[in-house]
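Read through the structure below, which is laid out as C-alpha cells, and then see the notes.
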Amino acid sequence: MAYDYSSDNKRLELPNPFRVENTFLFACAAITLLGGLTGLLWARAAIQAHSTRLGVAPLLVGVALLAAGLSFAVIAARRLRFFFGRGRPRSLAPEVAIGASGNSARADFYKATLRQGGLEYPEPQGALNGVLYHAVPRLITAPVVVQELAQRHFFNALSFLVTLLSFVFAWGLFGTGETRPLISIVYFVFGAVVLLRPLVSGSQAQLGTGALIALIVAAVVGPVAASLLGAALPSVRYSVTGQATFLLLCALVAVILILCALHAQLDASPQTERSCEQRTLSMNGPPASLITELDRTLQSEWTEKIPNRRYTRIEPITEGVAGSGRFAGELLEETQPMPMSGTAAVTLDSALRAARHSWLVMLDLYGTLLTLVGVACALVYVRGFDPSRVLQDGWGNTATVGYAAVCLAIAAFCFQSAGAIWGRFNFESELVWVELQGTWQSSRIGTGNQFSSRLQTENDVVRVEAMTLRIWRARVESVVFGKDGQRQVTAMYATSQEAMRLANDLEAFAGRQSVFVAPRAAEEPHRIAALQATESLLGGAAPVRVEALEGATRDAPRAAGAPVARFCTACGTRAGPEAKFCSNCGAALPMA
C-alpha cells in the first residue's frame with residue numbers, strides 16, 4: 001500500500017502497481033538462483049575430484065546465474081513496498097513558496113491551456129513516425145511517455161525485422177556451404193551488439209540509414225563477395241545460425257508484445273472543456289484585498305484539507321507617488337491530485353481480464369519463459385562440458401551458451417519495458433486561475449462637518465473602477481508513469497457552477513468594502529457621550545442624550561460583563577449603575 005500521513009480518506013492509499021510483475025520477477029529470481037547454486041555444486045564436485053578444468057565452466061555459469069538471479073530479486077524488492085505520499089505526484093509546474101510572489105514558464109503553459117481550451121502534443125518527426133501515426137491515429141493524443149515508447153519500439157521492431165529478412169536472404173538464397181558459417185557469425189554479432197545491447201540498456205536500436213543500406217548490400221552482395229575473397233577470409237568450421245535466428249526471432253516477438261501493450265494504453269479522444277467567468281467590478285479598497293479573500297475562499301475548498309499547489313501568485317500593486325495607475329494580479333493553484341475513482345489493486349486475475357494490463361502480463365510471462373529456457377540451456381551446457389573435446393567439436397558443444405545468453409538478455413528487456421508501463425497512475429484535480437486587471441486611483445475622504453461637528457474622520461482610500469475579473473476553472477485528469485515521473489494533463493472538464501460561485505463570492509466581497517471610518521467598539525459611544533456631557537457643562541449647552549448615540553451603534557457588539565455608564569439627563573453628572581436619582585440635582589435618572 002501507499003504511504004500517507006494525516007489523512008482521513010483511504011483514496012490516498014494507492015495500491016502497488018508492480019504487484020503482478022513482482023510475482024514474475026521473484027519466480028525468475030528463484031529459477032536463476034537455483035540454477036546458479038546447481039552450477040556451483042557441480043563445480044565444487046569437479047574441483048574435489050581434482051579436475052579443475054572441468055570445474056571452470058560450472059563455476060563461471062553458476063556465478064553468472066547467481067548475478068542474474070540477484071538482479072531480478074533486487075528489482076522486485078525495491079518495488080515490494082510502494083510509498084506514495086502527499087508530495088506525489090509531481091506538480092505540474094514549479095511551486096511558489098508561501099508568502100512569496102512568482103511565476104514560471106511552465107505555469108504560463110497551463111494558463112495558455114486554460115485560456116485556449118485545448119491540449120498540446122508534440123508533433124511526430126521523421127518518416128517512420130509518419131507511418132506509425134498514420135497506422136495508429138489515436139496515438140497522437142496518448143501520453144507523451146506512451147508516444148515516446150511507441151516510437152522507440154516501432155523502430156526497434158523494424159530494425160529486427162529488416163535484419164532478420166536480410167539474414168534469411170543472405171544465408172538462404174545467396175549463401176553457400178562455405179560462406180554460411182561466416183554469415184551467421186556476422187549477423188549474430190550485429191544483432192547482439194547493434195540491436196540487442198541498446199535495448200537492454202533502455203535505449204533505441206542503433207540502426208540508421210547507413211546500417212539499413214549495409215544490411216541490404218550484405219544480403220545481396222555479401223555472400224558473393226565472401227566466395228570471391230575465399231582464401232583471404234579465415235576458415236570457419238562452426239556455425240551460429242541457430243543462435244542468430246533465435247536472437248532475431250525472440251527479440252522481434254518481445255518488441256511486438258511491447259507494441260501491443262502500448263496500444264492497449266490508448267484511450268478515446270480526450271475532452272478539452274473549461275469554464276470561464278468574467279465580471280466587471282468596482283470596489284473601495286486596494287485590489288490586493290481581493291487576492292487575500294481569494295486565498296481564504298480557496299483554503300475552505302482544500303481537498304482532504306491538503307493545501308493547494310500554488311504555481312503563480314502576483315499581487316496587484318497600488319503604491320506610487322502619482323496616486324493612480326494600472327494594476328494586474330493573478331493566482332494559479334491546483335488542488336491536491338487524487339487517484340481516479342475506482343482505482344483498485346491489480347491482481348493476476350483482474351490483469352488478465354483488463355485490456356490495459358493483459359498484454360503486460362503476456363510480456364512478463366514471456367520473459368519468465370525465456371528465463372526458464374536460458375537457465376536450462378546453461379545447465380545443459382555445464383553438464384555436457386568437456387574441455388578435452390572443445391578443439392574437436394568446436395562450438396558444437398557450447399552452442400547452448402549462446403541460447404542462454406540470448407534468453408536472459410531478452411528476458412531482462414521484457415521486464416524492463418513492462419515495468420515502465422506498469423507504473424501508470426491516473427489522477428484528477430482542479431486548476432483555478434484568477435486574473436485581475438484595471439486602474440486605480442487614491443483619494444482622501446473625510447466624515448463630519450468641519451464647522452459644526454466635533455467628530456471628524458479622514459481616510460486615504462484606493463478606489464477601483466470597472467476592474468476586470470476573470471476566473472478560469474477546470475477539472476483536469478493527469479497521468480504519471482512511476483511515482484517520480486513527469487505528470488501530464490490528458491483531459492479537461494468544465495466546472496461552471498464552481499466558477500460562477502467563486503465569481504459571486506468575490507463580487508460580493510468587493511461590494512462590502514467601505515470608504516468611511518466609524519467607531520465600532522461597544523465602549524466608544526459611551527465615551528463620546530461623556531465627553532459631550534462635559535462640554536455641555538463647561539459651555540452651558542444642552543447635554544447630549546446617550547440614548548441617541550447608543551441607538552446609532554446598537555448593532556455593535558458589547559463586551560460581556562462590562563457595566564453600562566449612566567449620566568443625568570438634566571445636569572450630565574455620572575451616576576452609579578443602581579442609582580435612581582441624580583446625586584447633584586436630584587432629578588430622576590432613566591432606567592438602564
Side-chain angles (χ1 to χ4, degrees), residues 17-18 21 89-93 106 109-110 112-114 116-159 199 202-205 254-274 337 339-343 346 351 354-364 413-414 416-429 431 474-493:
F18 302 105
E21 188 174 52
R90 292 174 58 181
S91 299
L92 294 175
R106 195 63 183 169
F109 170 81
Y110 285 103
T113 300
L114 288 174
Q116 297 172 4
L119 300 176
E120 295 184 7
Y121 297 92
E123 182 180 356
Q125 304 292 331
L128 292 180
N129 289 338
V131 174
L132 174 62
Y133 283 82
H134 177 74
V136 188
R138 287 190 301 162
L139 185 61
I140 190 63
T141 57
V144 175
V145 174
V146 174
Q147 294 192 41
E148 292 176 350
L149 291 175
Q151 295 174 14
R152 180 194 307 171
H153 293 303
F154 180 69
F155 184 85
N156 293 334
L158 292 181
S159 300
L199 264 66
S203 58
Q204 184 172 285
V255 175
I256 291 175
L257 288 175
I258 295 171
L259 290 176
C260 293
L262 290 171
H263 186 269
Q265 305 299 313
L266 304 183
D267 298 320
S269 298
Q271 296 290 329
T272 57
E273 301 174 351
R274 82 281 188 271
M340 293 288 293
S341 301
T343 302
V346 180
R356 180 169 289 178
H357 298 140
S358 58
W359 285 106
L360 293 176
V361 175
M362 294 295 105
L363 185 60
D364 287 332
F413 168 61
C414 292
Q416 181 188 68
S417 301
I421 309 175
W422 271 115
R424 173 173 180 167
F425 279 106
N426 293 325
F427 293 89
E428 57 182 356
S429 58
L431 275 176
R475 182 179 68 84
V476 299
E477 293 182 359
S478 55
V479 63
V480 62
F481 288 84
K483 58 183 179 181
D484 294 319
Q486 183 66 44
R487 188 157 55 99
Q488 177 189 353
V489 174
T490 56
M492 296 191 305
Y493 299 90

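Quick caveat: nothing in here was measured; it's all calculated off a predicted structure. The figures here come from the full heavy-atom set of this structure, side chains too, leaving out hydrogens, waters and symmetry mates.
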Could you list the donor-acceptor pairs under 3.5 angstrom formed between side-chain atoms of residues 124-137 and any protein atom two or more places apart in sequence or on another chain?
{"residue": "Gln125", "atom": "NE2", "partner": "Glu123", "partner atom": "O", "Å": "3.4"}
{"residue": "Asn129", "atom": "ND2", "partner": "Gln125", "partner atom": "O", "Å": "2.6"}
{"residue": "Tyr133", "atom": "OH", "partner": "Gln147", "partner atom": "OE1", "Å": "2.7"}
{"residue": "Tyr133", "atom": "OH", "partner": "Gln151", "partner atom": "NE2", "Å": "2.8"}

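- In this structure Leu119 satisfies the side-chain contact (heavy atoms from CB on, under 4.5 Å) test together with Thr113, Tyr121, Pro270, Thr272, Val489, Met492, sequence neighbours excluded.
- Put simply, the side chain of Val361 reaches to within 4.5 Å of the side chain of Trp422, judged on heavy atoms.
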CA sep, side-chain torsions, deciding dist, call: Ile421, Trp359, side-chain contact (heavy atoms from CB on, under 4.5 Å) | CA-CA 11 Å; Ile421 309 175; Trp359 285 106; over 6 Å; no
Could you walk me through whether Glu120 and Phe109 pass the side-chain contact (heavy atoms from CB on, under 4.5 Å) test, one step at a time?
-> CA-CA 10 Å; Glu120 295 184 7; Phe109 170 81; 3.7 Å; yes
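- Separation of atoms CG (Leu149) and CZ (Phe481) is listed at 7.5 Å; rounding is to 0.5 Å.
- Every residue meeting the ring-ring contact (aromatic ring centres under 6.0 Å, His included) condition with Phe413, not counting sequence neighbours, appears here in chain and number order: His153.
- The closest donor-acceptor contact from the side chain of Arg274 to the backbone of Ala474 lies at 3.5 Å or more, if one exists at all.
- The SG atom of Cys260 sits 12.0 Å away from the CD atom of Gln265 when rounded to the nearest 0.5 Å.
- If you take OG on Ser478 and CZ on Arg90, they are separated by 13.0 Å, rounding to the nearest 0.5 Å.
- A distance of 12.0 Å separates CZ in Arg475 from CG in Leu431, rounded to the nearest 0.5 Å.
- Shown here for Gly482 and Val480, the closest heavy-atom pair between the two residues is O-CG2, 3.1 Å.
- Checked against side-chain contact (heavy atoms from CB on, under 4.5 Å), Ser358 has no partners two or more places apart in sequence or in another chain.
- Qualifying side chain to side chain donor-acceptor pair (under 3.5 Å) partners for Arg138, counting only residues two or more places apart in sequence or in other chains: none.
- Residue pairs meeting the salt bridge (Lys or Arg N to Asp or Glu O under 4.0 Å) criterion with at least one member in residues 255-270, sequence neighbours excluded, are Asp267-Arg356, Asp267-Arg424.
- The side-chain contact (heavy atoms from CB on, under 4.5 Å) test applied to Ser429 returns Glu334, Thr335, Pro337, Val476, Arg487, not counting sequence neighbours.
- The two residues Leu363 and Ala254 come nearest to each other via the heavy atoms CD1-O, 3.9 Å.
- Of all heavy-atom pairs spanning Pro339 and Glu428, the tightest one is O-OE2, 4.1 Å.
- Annotation: side-chain contact (heavy atoms from CB on, under 4.5 Å) contacts of Glu148 (sequence neighbours excluded): Val144.
- Between the side chain of Gln271 and the backbone N or O of Tyr493, no donor-acceptor pair lies under 3.5 Å.
- Phe154 contributes atom CZ, which lies 12.5 Å from atom CG of Leu262 (distance to the nearest 0.5 angstrom).
- Shown here for Leu259 and Ala150, the closest heavy-atom pair between the two residues is CD2-O, 4.0 Å.
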Chi angles and distances behind the side-chain contact (heavy atoms from CB on, under 4.5 Å) call for Phe425, Met340 | CA-CA 8 Å; Phe425 279 106; Met340 293 288 293; over 6 Å; no
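- We find the CE-SG distance between Met362 and Cys414 to be 12.5 Å, quoted to the nearest 0.5 Å.
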